[in-house]
Asker: 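Below: one structure in structure tokens.
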Amino acid sequence: MVVDGCNVGWAFTNNVRFSAEGLKEVYECFKRKGYEDNEISIIYKHIPGKFLSDNDVAIIEFLEKINILVTR
């Protein structure tokens with residue numbers, strides 16, 4: 001499963017700001033459906049840190065650590 005993380009991140013807040021919480025929700029949704037980590041890829045364009053909350057940074061770091069999030 002490949003997900004466009006930029007669209008998800010912006011749509012999660014109705015295009016007000018990028019939110020990594022949307023990425024986390026997508027990941028958790030596919031896990032609940034039985035997907036393994038190696039079957040999930042979230043691709044997103046790097047968002048500069050000044051636009052991210054501390055929570056966003058923590059989520060992004062977690063998803064990168066488990067090789068789910070791919071920056072393009």
Asker: Is there a chain of hydrophobic side chains (I, L, V, M, F, W, Y, each step under 4.5 Å between heavy atoms) that links V16 to F51?
Answerer: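 No, separate clusters.
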Asker: In Å and rounded to the nearest 0.5 Å, what is the CG to OG1 distance from L63 to T71?
Answerer: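 Here the interatomic distance stands at 10.5 Å.
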Asker: With sequence neighbours left out, which residue pairs that include part of residues 47-56 fulfil the salt bridge (charged side-chain N to carboxylate O under 4.0 Å, His left out) condition?
Answerer: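 The answer is R17-D56.
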Asker: Would you please name every residue forming a salt bridge (Lys or Arg N to Asp or Glu O under 4.0 Å) with K45, sequence neighbours left out?
Answerer: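 Here no residue qualifies.
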Asker: Any pair with a residue in residues 60-69 that passes side chain to side chain donor-acceptor pair (under 3.5 Å), sequence neighbours left out, goes on the list, sorted by first then second residue, please.
Answerer: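 Non-adjacent pairs meeting side chain to side chain donor-acceptor pair (under 3.5 Å): zero.
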Asker: Do F12 and I68 land in one hydrophobic cluster if side-chain heavy atoms of ILVMFWY residues count as linked below 4.5 Å?
Answerer: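 As far as the 4.5 Å side-chain criterion goes, I68 and F12 are not connected within one cluster.
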Asker: Looking at E25, is its backbone amide N or carbonyl O close enough to the side chain of E28 to form a donor-acceptor pair, meaning the two atoms are under 3.5 Å apart?
Answerer: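 No; zero donor-acceptor contacts below 3.5 Å.
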Asker: In terms of hydrophobic clustering (I, L, V, M, F, W, Y; side-chain heavy atoms under 4.5 Å; direct or indirect links), are F62 and V57 co-clustered?
Answerer: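 They do share one cluster, since a chain of ILVMFWY contacts under 4.5 Å joins F62 to V57.
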Asker: Measuring from atom CZ of F18 to atom CG of N7, what distance do you get when rounded to the nearest 0.5 angstrom?
Answerer: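 One gets 10.0 Å once the value is rounded to the nearest 0.5 Å.
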Asker: Rounded to the nearest 0.5 Å, what separates atom SG in C29 from atom NZ in K24?
Answerer: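 One finds 14.0 Å between SG of C29 and NZ of K24.
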Asker: Which residues satisfy the side chain to side chain contact (heavy atoms under 4.5 Å, CB included) test with V2, sequence neighbours excluded?
Answerer: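 S41, I43.
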Asker: Rounded to the nearest 0.5 Å, what separation is found between the SG atom of C6 and the CD1 atom of I42?
Answerer: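 Taking SG in C6 and CD1 in I42, the distance rounds to 11.0 Å.
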Asker: Among all residues two or more places apart in sequence or in another chain, which pass the salt bridge (Lys or Arg N to Asp or Glu O under 4.0 Å) test with D37?
Answerer: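 Result, salt bridge (Lys or Arg N to Asp or Glu O under 4.0 Å) vs D37: K31.
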Asker: Considering non-hydrogen atoms only, spot the tightest contact between L23 and V8 and give its length.
Answerer: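 In terms of heavy atoms, the two residues are closest at N-CG1, 4.0 Å.
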Asker: Are the side chains of I60 and L52 in touch, meaning some heavy atoms are under 4.5 Å apart?
Answerer: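 With C-beta onward as the side chain, the pair touches.
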Asker: Show me the pairs that pass ring pair (Phe, Tyr, Trp, His ring centres under 6.0 Å) and involve residues 19-45, at least two apart or across chains.
Answerer: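 Every ring pair (Phe, Tyr, Trp, His ring centres under 6.0 Å) pair that includes a residue of residues 19-45, provided the two are not neighbours, is F30-Y35.
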